[in-house]
2 protein chains.
Amino acid sequence: MAHSLDHVFAALADPTRRAILMMLLEDDMAVTDVAEPFDMSLAAISKHLSILGRAGLISQEKRGRVKWCKLEPDALRDATVWMQGFGQFDPVNLDAFEAFLEQELKS
Amino acid sequence: MAHSLDHVFAALADPTRRAILMMLLEDDMAVTDVAEPFDMSLAAISKHLSILGRAGLISQEKRGRVKWCKLEPDALRDATVWMQGFGQFDPVNLDAFEAFLEQELKS
DNA sequence: TGATTACTTAACCGAAAGGTTGACGAAACC
DNA sequence: GGTTTCGTCAACCTTTCGGTTAAGTAATCA
């Protein structure tokens with residue numbers, strides 16, 4: 001159990017951070033590129049990324065002057081297990097997630 | 001989509017609130033009984049319960065002078081779907097959850 | 001009726017969250 | 001070497017969080 005549920009859930013509670021995670025689902029990204037779609041300073045994004053890092057949800061590797069952000073979905077495992085203890089839900093519906101994702105990125 | 005992921009994840013980020021949810025897994029409880037194991041005022045627990053209620057994770061029904069708290073696990077569904085969009089995890093391991101729960105309640 | 005029980009609300013407090021701007025360091029470009 | 005780019009850090013500000021105590025309301029008990 002690498003990272004506490006406290007940190008993971010707290011990281012997921014912010015819409016900006018959830019959006020960042022969804023962006024990283026596509027591919028690894030540099031910090032500046034992560035920041036681009038948001039109406040927010042680079043420093044703010046940098047803070048969000050460090051919170052995601054503390055929760056273990058992403059890792060960061062610096063190559064040259066560019067710092068690359070990589071999704072680490074395994075950090076979600078403990079949280080998922082915890083939540084599923086409360087009942088069985090439908091089998092994963094990826095279509096629903098895709099739709100939700102599209103909706104979210106649009107707003 | 002009844003309750004926002006913001007509220008659900010924020011509610012889950014606090015260990016006291018997660019412990020309350022686990023207690024309610026056993027059975028419905030009155031507010032005073034929920035508060036009993038915690039080293040915290042009743043007012044504090046009342047606030048935690050209202051946060052859980054706002055997230056849709058519990059419902060409360062007043063019968064006489066007693067207010068009963070009931071787990072509403074369906075509120076976790078959207079959050080679970082969201083998280084599972086990041087990858088398939090092992091099938092639910094209830095035994096692991098039970099062990100974790102026991103550990104948690106002991107500490 | 002009077003006292004007690006069950007709970008919420010209000011006011012307050014310190015600490016943390018989420019944002020800003022400005023200065024800085026390190027790598028890359030010309 | 002000078003300048004630009006990438007990113008963090010420090011200081012600050014406002015709002016929210018998580019707790020407290022004190023007071024208030026509503027139902028029950030004796």
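Within every chain, numbering begins at 1; the chains are lettered A, B, ... in the order of the sequence lines, protein sequences first and strands thereafter. A quick note: this is a predicted structure, and the numbers were derived from the prediction, not measured.
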Derivation of the side chain to side chain contact (heavy atoms under 4.5 Å, CB included) call for A/H7 and A/L57: CA-CA 10 Å; A/H7 285 159; A/L57 292 164; over 6 Å; no

Give the rounded distance in Å between these two atoms: [atom1] of [X] and [atom2] of [N].
X     : N      : atom1 : atom2 : result
A/F38 : D/dG7  : CZ    : P     : 15 Å
B/E36 : C/dA6  : CD    : P     : 12 Å
A/M29 : D/dC6  : CE    : C1'   : 15 Å
B/E61 : C/dC7  : CD    : P     : 13 Å
A/D33 : D/dT5  : CG    : C1'   : 12 Å
A/F9  : C/dA16 : CZ    : P     : 22 Å
A/I58 : D/dG7  : CD1   : C1'   : 13 Å
A/D6  : C/dA17 : CG    : P     : 11 Å

Beyond-backbone contact of B/L25 with B/L21, side-chain heavy atoms, under 4.5 angstrom: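 They are not in side-chain contact.
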
Is there side-chain contact between A/F9 and A/M83, with at least one heavy-atom pair below 4.5 Å?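 They are in contact (side-chain heavy atoms under 4.5 Å apart), so the answer is yes.
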
Contact state string [nucleotides 10-30 of chain D, B base, S sugar-phosphate only, - no protein heavy atom under 4.0 Å]: --------SBBB-----BS--

side-chain N/O A/S46 vs D/dT8 OP1/OP2, d < 4.0 Å: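 Looking at the OP1 and OP2 atoms of D/dT8, one of them is under 4.0 Å from a side-chain N or O of A/S46.
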
Quiz: residues 32-51 of chain B side-chain donor-acceptor pairs under 3.5 angstrom, not counting sequence neighbours:
from  : atom 1 : to    : atom 2 : distance (Å)
B/S41 : OG     : B/A44 : N      : 3.1
B/H48 : ND1    : B/R17 : NH1    : 3.1
B/S50 : OG     : B/K47 : O      : 3.0

Quick one: do B/M23 and B/L76 end up in the same hydrophobic cluster if we chain Ile, Leu, Val, Met, Phe, Trp and Tyr together by side-chain heavy atoms under 4.5 Å apart? yes

Do the side chains of B/M22 and B/I20 join up, straight or via other hydrophobic residues, at under 4.5 Å, putting them in one cluster? yes

